[in-house]
Each structure stands twice: as C-alpha cells, then as structure tokens.
Colleague: 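One structure is given below, represented as structure tokens, and several questions about it will come after.
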Amino acid sequence: MKKRRTAANARERRRMNSLNDAFEKLREVVPSLGSDRKLSKFETLQMAQTYINALHELVKHH
DNA sequence: TAGGCCATCTGGTCCT
DNA sequence: AGGACCAGATGGCCTA
C-alpha cells in the first residue's frame, strides 16, 4: 500500500529532522574556533570529541 | 565540472 | 502489526 510508504517516509523525515536539531544544539555548545562557516555533521562530532578531551585534561590536572 | 554535504526515499531489520 | 532505526541509492546545491 502506497499510503503506508508515504506515512513511513514522513516519519523518517521527522526523525531525521530531530536528529538535525540535535546536531544544531551540539554546534551551539562546541566552539568552532575561527571558522566562519558552520561545521559539517562529521566535523561537529570530531570537534565535540576533541573539545571534551580538552576539558577533561583541564579538569584532570586540577 | 568534480567533490563535499545534505535531504529524501526506500527496503531491510530490530523493537514494542 | 506497526513504528523506530539503519544504511544504500539518488539527486540537488554550492564552492574551489
């Protein structure tokens, strides 16, 4: 049934939208040093990881 | 015009 | 059964 597929597509679209919202929030808290353009999804994850590591180091030696 | 990034559709598979 | 999650395919848009 095509109706079911269409509904499933809509759900998937909403699911992806919420995932992108999460990426957006992550971009807000992770410092994008310099770079004027917004980080790609991949870059965002990478930055988050290095940022967390940096903060961890900071706390560790204190 | 090629490469990167992305949104969407789709058909499996897993979970409730 | 039906929804959530996932990964592959495809096409659009933008920039070097």
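To find a chain, count down the sequence lines: A is the first, B the second, and so on, and within it residues start at 1.
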Colleague: For a 4.5 angstrom cut-off between non-hydrogen side-chain atoms, does Asn20(A) reach Lys41(A)?
Modeller: yes
Colleague: Between Asn9(A) and Arg13(A), is there a side-chain donor-acceptor contact under 3.5 Å, judged purely by atom types and distance?
Modeller: no
Colleague: Kindly determine whether Arg37(A) and Glu43(A) satisfy side chain to side chain contact (heavy atoms under 4.5 Å, CB included), including the steps that lead there.
Modeller: CA-CA 12 Å; Arg37(A) 67 176 207 79; Glu43(A) 289 167 335; 3.1 Å; yes
Colleague: Please report, to 0.1 Å, the donor-acceptor pairs under 3.5 Å made by any side chain of residues 55-62 of chain A, with sequence neighbours excluded.
Modeller:
residue, atom, partner, partner atom, Å
Glu57(A), OE2, Lys60(A), NZ, 3.4
His61(A), ND1, Glu57(A), O, 3.0

Colleague: Reading DNA chain C 5' to 3', which nucleotide is the first, and which the last, to come under 4.0 Å of any heavy atom in chain A?
Modeller: dG2(C) to dA7(C)
Colleague: Ser18(A) side chain to Arg15(A) main-chain N or O, any donor-acceptor pair under 3.5 Å?
Modeller: yes
Colleague: Spell out, yes or no, whether Phe23(A) and Met16(A) are grouped together once hydrophobic residues are joined by side-chain heavy atoms under 4.5 Å, including indirect joins.
Modeller: yes
Colleague: Would you check, one step at a time, whether the test side chain to side chain contact (heavy atoms under 4.5 Å, CB included) holds for Leu39(A) with Leu45(A)?
Modeller: CA-CA 9 Å; Leu39(A) 300 150; Leu45(A) 293 178; over 6 Å; no
Colleague: What string of B, S and - do you get for nucleotides 6-13 of chain B, 5' to 3', when a contact is any protein heavy atom under 4.0 Å?
Modeller: SSSSBB--
